[in-house]
Amino acid sequence: MGPIGVGDLQSSLSLQRRNAELRGQLNRLTEELSSGRTSDVSKATSGNLSPLAGIERSLSLVSAYDTSANVAATALSITSSALGTLRQTTDNLGAEILAATSLGDASLRQSISGGANAFEAALSALSARSGETYLFSGTATSQAPFLPAADILQELETATAGLTDAADFYAAVDDWFMSPGGGYETLGYLGGDAPVSGVSVSATEAVKLDLTAQDPALRATLRDLSVVALLDRDAFAGDEDQSRILSETMAAGLISGAGSLIQVEARQGAIAAQVDQAQSQNASERFAFQDARNSVVGIDLFDTATQLEDAQTRLESLYLLTARMSRLSLTEYLR
């Protein structure tokens, strides 16, 4: 019988060390295959990390611009929808009242019977939000842009109290809505006096989301809708002649106002086109910077997959060898 070896502990430690090396290699290759990038950046850049840092900084900027562009695109989409709703309400009501003016007093009263609801719907459309931001409130983004519809109509009833002539009545409402420092600016509109500042949506493009409920076309539309709402609330009740005169004026104003709203929508559409172009530019720049980064720290996916498979095979072989050695005993050794 030969002597029993004393290197068992050394062999065991050697196997454990080899096991740790293979597991580390396996983890590294798995991570590299998943990310597509080498884990040894210092080796890939020969210790010069400045170019890679510049690329990463550029990618971060593109990501920030893209976030701003996406936020702007969402806001513009919601704004466009609100303007479309307002225009449709205005156009439909104007056409209905115009048609009713030639059909008799009963038809005219019927056409203006939804005036208060139409005015409230207009204020609701212009109170549109994107997240927690009111889009028509200018810099006061957390503040709803208007007093409640009922409160505005009550203020207008006070401003027109005692007026019995349709022209005087309309002039009083027009003054409330359109005059600088008038009732609309001091009471009805609750948003900020200034629009939000420009938003950078790409490295070369910035847009102004500057539409607020202070826009003259929007104020004029609300003015005309409020007159119909006041007629709905019994202004000139019992005076059909003055009611008809005012209704005819409002029908023409609402139809004309719908045309003005189309121009506002067109301006918003032009801004949306700028944002869309910026998003395309950001996507192109992101691809270019990612390609530049891959040229520095990218890996050969096929080669890495081959190395990973080889490491798995060697680790399995090591486990098999370890299992066989663990079954050795003095009796088996002595045989």
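Note that these values count all heavy atoms, side chains included, but never hydrogens, waters or copies made by symmetry.
In this structure, the side chains of Val201 and Gln274 stay at 4.5 Å or more apart for every pair of heavy atoms. Between Ser111 and Leu108, some side-chain heavy-atom pair lies under the 4.5 Å cut-off. Using a 4.5 Å heavy-atom threshold, the side chains of Tyr170 and Asp224 count as touching. Residues Asp168 and Thr160 form no side-chain contact, since every pair of their non-hydrogen atoms from C-beta on lies 4.5 Å or further apart. Within the 4.5 Å cutoff, no side-chain heavy atoms of Ser127 are placed close to those of Phe136. The side-chain heavy atoms of Val207 and Leu76, taken from C-beta on, include no pair separated by under 4.5 Å.
Here the rule is side chain to side chain contact (heavy atoms under 4.5 Å, CB included) with Val264, and of Leu83, Leu86, Thr79 only Leu83 fits it.
To the nearest 0.5 Å, the span separating OG on Ser260 from CD1 on Ile255 amounts to 12.5 Å. The CD atom of Glu205 lies 7.5 Å from the CD atom of Gln281; values are rounded to the nearest 0.5 Å. Rounded to the nearest 0.5 Å, atoms CG (Asp66) and CG (Leu59) are 11.5 Å apart. Interatomic distance, Ser226 OG to Met250 CE, rounded to the nearest 0.5 Å: 8.0 Å. To the nearest 0.5 Å, atom OH of residue Tyr189 and atom CG of residue Leu126 are 10.5 Å apart. Distance check, rounded to the nearest 0.5 Å: CG of Leu209 to OG of Ser197 gives 9.0 Å.
Of the possible polar contacts, one joining the Asn92 side chain to the Gln88 backbone as a donor-acceptor pair under 3.5 Å is found. In this structure, Ser77 contributes its side chain and Ala73 its backbone to no donor-acceptor pair below 3.5 Å. No donor-acceptor pair closer than 3.5 Å links the side chain of Ser179 to the backbone N or O of Trp176. Checked by atom type and distance alone, the side chain of Ser284 never pairs as donor or acceptor with a backbone atom of Ser280 at under 3.5 Å. Distance alone, capped at 3.5 Å, places no donor-acceptor pair between the Thr133 side chain and the Arg129 backbone. Judged purely by atom type and a 3.5 angstrom limit, Arg219 uses its side chain to pair as donor or acceptor with the backbone of Phe177.
The local environment of CD in Gln143 is crowded, with over 12 non-hydrogen atoms from other residues, nucleotides or ligands closer than 6.0 Å. Other residues, nucleotides and ligands contribute more than 12 heavy atoms inside 6.0 Å of the CG atom of Asp165. Within a 6.0 Å sphere centred on CD of Glu120, heavy atoms belonging to other residues, nucleotides or ligands number 12 at most.
Between Ala82 and Ala125, the shortest heavy-atom contact is CB-O, 3.2 Å. Shortest non-hydrogen contact noted between Ala100 and Ser107 is CB-O, 3.6 Å. Of all heavy-atom pairs spanning Ser130 and Thr74, the tightest one is OG-CG2, 3.8 Å.
Under the 4.5 Å side-chain heavy-atom criterion for grouping Ile, Leu, Val, Met, Phe, Trp and Tyr, Tyr134 is not connected to Ile78 through any hydrophobic cluster. Transitive grouping of hydrophobic side chains (ILVMFWY, heavy atoms separated by less than 4.5 Å) keeps Leu225 and Leu98 in distinct clusters. In the hydrophobic cluster analysis, where Ile, Leu, Val, Met, Phe, Trp and Tyr join through side-chain heavy atoms closer than 4.5 angstrom, Ile271 is grouped apart from Leu211. Following chains of ILVMFWY side-chain contacts shorter than 4.5 Å, one cannot reach Val275 starting from Val62, and the two form parts of different hydrophobic clusters. The hydrophobic clustering, which links ILVMFWY residues whose side-chain heavy atoms are closer than 4.5 Å, places Ile262 and Leu218 apart.
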Contacts under 3.5 angstrom, residues 228-246 side chains, donor-acceptor by atom type, not counting sequence neighbours:
from, atom 1, to, atom 2, distance (Å)
Asp232, OD2, Gly115, N, 3.4
Asp232, OD2, Ala116, N, 3.0
Arg233, NE, Glu157, OE2, 3.0
Arg233, NH2, Glu157, OE1, 3.2
Arg233, NH2, Glu157, OE2, 3.4
Asp239, OD1, Gln242, N, 3.3
Glu240, OE2, Arg109, NH1, 3.0
Gln242, OE1, Ala166, N, 2.7
Arg244, NH1, Thr101, O, 2.3
Arg244, NH2, Asp105, OD1, 2.6

With side-chain contact (heavy atoms from CB on, under 4.5 Å) as the test, would you mind laying out the steps for Gln110 and Leu103 before giving the verdict? CA-CA 11 Å; Gln110 178 63 32; Leu103 298 177; over 6 Å; no
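Ring-plane geometry between Tyr184 and Phe146 is classed as tilted, the angle between the planes lying from 30 to 60 degrees on a 0 to 90 degree scale.
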